[in-house]
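Okay, so here's the structure we're looking at.
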There are 2 protein chains.
Amino acid sequence: MTAARRIIEGEGEEALTMRRLASTLGLQAPSLYKHFATKRALEAAVIDQALLEFGSRLHAAVAAPGRLGAVRSLLAAYRAAALAHPALYRLVTVGPLPREDLTPGLEDWAGEPFFSATGDPWLAQALFSFAHGMVILELDDRFPAGSDLDRTWKAGAAAFSR
Amino acid sequence: MTAARRIIEGEGEEALTMRRLASTLGLQAPSLYKHFATKRALEAAVIDQALLEFGSRLHAAVAAPGRLGAVRSLLAAYRAAALAHPALYRLVTVGPLPREDLTPGLEDWAGEPFFSATGDPWLAQALFSFAHGMVILELDDRFPAGSDLDRTWKAGAAAFSR
DNA sequence: TACAATGGCTAACGGTGTTAGCTAGCCCTG
DNA sequence: CAGGGCTAGCTAACACCGTTAGCCATTGTA
């Protein structure tokens with residue numbers, strides 16, 4: 001639901017409330033249950049769409065890596081996409097995935113670029129962990145004040161590039 | 001508060017409820033507010049203690065790295081500590097830190113082992129991001145079923161040890 | 001024209017963190 | 001020893017949360 005997404009992106013994940021969403025749609029909260037069995041299912045619809053969009057950007061980054069190399073291009077795209085939609089990124093990546101409500105195969109497809117960039121399944125997962133760790137720690141303000149995160153990304157990219 | 005910690009470790013973070021905690025202590029929920037200004041402050045007390053314990057294990061790992069080298073020893077200790085107390089690890093590391101309710105300097109101290117192990121502030125942050133990413137993604141069951149995470153950890157360690 | 005499905009509604013339930021206001025007991029002081 | 005304040009408990013209540021039950025108007029179809 002596009003209205004749900006707008007609330008999440010504009011005011012954060014916890015601002016999405018059945019009553020809040022209903023009121024922006026001009027109805028009452030229980031009416032939403034005629035369209036989604038549960039709040040989690042509603043979120044799953046948003047996650048599904050976001051996963052497609054994030055995945056597209058990653059695929060594009062490894063398909064046309066430019067002079068940076070696939071790993072650096074992928075990391076740059078990953079960071080940019082996440083920081084452009086922080087609340088959406090959190091919704092998609094933190095906590096358990098509602099897999100039964102998602103398009104089959106979409107999750108794997110979105111992760112493929114890490115395999116393409118590294119050519120090795122274990123290195124791919126390690127690289128993904130690094131990227132997610134960097135993003136989520138930045139979004140949660142866990143790095144010391146004044147950290148040079150550009151340089152930290154570079155250090156990580158260098159470690160994974162050889 | 002040790003009772004709060006026991007609830008979190010035993011039944012997960014969301015099981016910690018003011019009423020639930022109060023009832024295990026034989027009181028009513030509002031009485032808890034005579035001791036903690038808010039639920040977040042209560043959690044901060046648990047986080048403070050957990051940060052001390054997790055930090056101790058990391059310091060020990062880099063102080064006596066054995067034949068593995070500091071980076072591998074640190075990563076092994078990090079993963080073991082987190083998986084031994086998953087709910088506590090989540091409480092400490094996901095979402096914003098209630099810094100004003102924490103022992104000053106404790107957060108920095110707990111992160112020091114990453115600097116000791118790498119000798120470089122940017123590589124230290126990158127290594128921390130990798131470790132946290134690995135742990136939180138494993139706890140949230142985000143890796144494909146049947147992943148060989150031992151091997152993924154090794155791949156990451158190799159990238160950062162060079 | 002009758003019927004069933006769709007999609008809205010109100011009322012309500014049990015849960016959450018939190019506040020207000022009261023009170024019983026304790027300690028310190030006059 | 002009397003009195004006053006502080007501590008730490010209590011009950012009642014508030015606003016909010018996801019969710020369910022049950023009702024009803026509209027719509028599309030047989």
Side-chain angles (χ1 to χ4, degrees), chain A residues 1-51 86-102 140-141, chain B residues 1-51 86-102 140-141:
Chain A
M1 188 61 85
T2 152
R5 175 177 174 157
R6 205 169 320 122
I7 292 176
I8 291 174
E9 292 208 60
E11 309 167 46
E13 191 172 349
E14 70 231 359
L16 179 64
T17 280
M18 297 307 270
R19 287 170 175 84
R20 171 90 172 72
L21 173 61
S23 111
T24 78
L25 292 174
L27 16 116
Q28 299 295 321
S31 302
L32 297 175
Y33 289 85
K34 300 288 180 172
H35 305 274
F36 296 94
T38 185
K39 191 196 180 191
R40 195 65 190 137
L42 194 168
E43 290 174 341
V46 178
I47 291 176
D48 209 69
Q49 182 186 325
L51 215 40
L88 212 52
Y89 179 85
R90 262 205 198 85
L91 180 71
V92 171
T93 60
V94 358
L97 258 195
R99 294 198 168 90
E100 61 283 358
D101 291 328
L102 258 40
D140 284 347
D141 188 30
Chain B
M1 188 63 82
T2 153
R5 175 176 174 158
R6 205 169 321 123
I7 292 175
I8 291 174
E9 293 210 57
E11 308 167 45
E13 192 172 347
E14 70 232 1
L16 179 64
T17 281
M18 298 306 270
R19 286 170 176 85
R20 171 89 171 75
L21 173 60
S23 109
T24 78
L25 292 173
L27 339 149
Q28 299 295 322
S31 301
L32 297 175
Y33 289 84
K34 299 292 177 171
H35 305 274
F36 297 94
T38 186
K39 191 197 180 190
R40 195 67 190 135
L42 195 167
E43 291 174 340
V46 178
I47 290 175
D48 209 70
Q49 181 186 325
L51 215 40
L88 212 52
Y89 179 85
R90 262 204 199 85
L91 180 72
V92 171
T93 59
V94 1
L97 257 195
R99 293 198 168 91
E100 61 283 359
D101 291 328
L102 259 39
D140 284 347
D141 188 28

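The figures that follow rest on heavy atoms only: side chains count, while hydrogens, waters and symmetry mates do not. Chain letters run A, B, ... following the sequence lines, proteins first, then strands; residues in each count from 1.
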Note to self: Can you confirm whether A:Glu43 sits close enough to A:Asp101 that some side-chain heavy atom of one is under 4.5 Å from a side-chain heavy atom of the other?
What the structure shows: no

Notebook entry, point to check: Does any N or O donor sit under 3.5 Å from an N or O acceptor when you compare the side chain of B:Arg19 with the base of C:dG15?
Noted result: no

Next item on the list: Scan A:Gln49, A:Glu9, A:Glu13 and name whichever one has a side-chain contact (heavy atoms from CB on, under 4.5 Å) with A:Leu88.
Entry: A:Glu9

Note to self: What I'd like to find out is whether the side chain of A:Arg20 reaches to under 4.5 Å of the side chain of A:Leu16, using heavy atoms alone.
What the structure shows: no

Note to self: Could you measure the distance from the NZ atom of A:Lys39 to the OG1 atom of A:Thr17? Nearest 0.5 Å is fine.
What the structure shows: 5.5 Å

Next item on the list: With the side chain of B:His35 defined as its heavy atoms from C-beta on, choose the nearest nucleotide among D:dA8, D:dT19, C:dG7.
Entry: D:dA8

Margin query: Whole angstroms only, please: what is the CG-C1' distance between A:Leu25 and C:dG7?
Written below: 13 Å

Margin query: With hydrogens left out and only the distance checked, is there a donor-acceptor pair under 3.5 Å joining A:Lys39's side chain and the base of D:dG18?
Written below: no

Next item on the list: Quickly work out the B:Arg20 CZ to C:dG14 C1' distance and round it to whole Å.
Entry: 17 Å

Checklist line | Value in whole Å for how far the P atom of D:dG9 lies from CE of B:Met18 | finding: 13 Å

Next item on the list: Provide, to the nearest angstrom, the distance between the CD atom belonging to A:Gln28 and the P atom belonging to D:dT19.
Entry: 17 Å

Next item on the list: For residues A:Met18 and A:Leu42, determine if any side-chain heavy atom of one lies less than 4.5 Å from a side-chain heavy atom of the other.
Entry: yes

Margin query: Taking the nucleotide of DNA chain C with the nearest heavy atom to each, does B:Arg40 or A:Leu32 sit closer to the 5' end?
Written below: A:Leu32

Check: Which dot-bracket string describes DNA chain D (Watson-Crick N1-N3 plus N6-O4 or O6-N4, or G-U N1-O2 and O6-N3, all under 3.5 Å; [ ] crossing; | other strand)?
Finding: ||||||||||||||||||||||||||||||

Notebook entry, point to check: Any side-chain N or O of B:Ser31 under 4.0 Å from OP1/OP2 of D:dA8?
Noted result: no

Note to self: Without decimals, in angstroms, what is the distance between B:Lys34 NZ and C:dT18 C1'?
What the structure shows: 13 Å

Next item on the list: Would you mind reading off the distance between B:Tyr33 atom OH and D:dG9 atom C1', rounded to a whole angstrom?
Entry: 16 Å

Item checked: N or O in side chain of B:Thr38 less than 4.0 angstrom from C:dG17 OP1/OP2 -> no

Next item on the list: Determine whether more than 12 heavy atoms belonging to other residues, nucleotides or ligands lie under 6.0 Å from atom CD of A:Glu100.
Entry: yes

Note to self: At 4.0 Å (heavy atoms only), tell me whether B:Thr17 reaches a base, stays on the sugar-phosphate, or touches nothing.
What the structure shows: sugar-phosphate

Notebook entry, point to check: So, B:Asp140 side chain and A:Gly95 main chain: donor-acceptor pair closer than 3.5 Å or not?
Noted result: yes

Item checked: Rounded distance in Å - CG (A:Leu42) to P (D:dC17) -> 14 Å

Item checked: Gap between atoms CZ and P, on A:Phe36 and C:dG7 respectively (whole Å) -> 12 Å

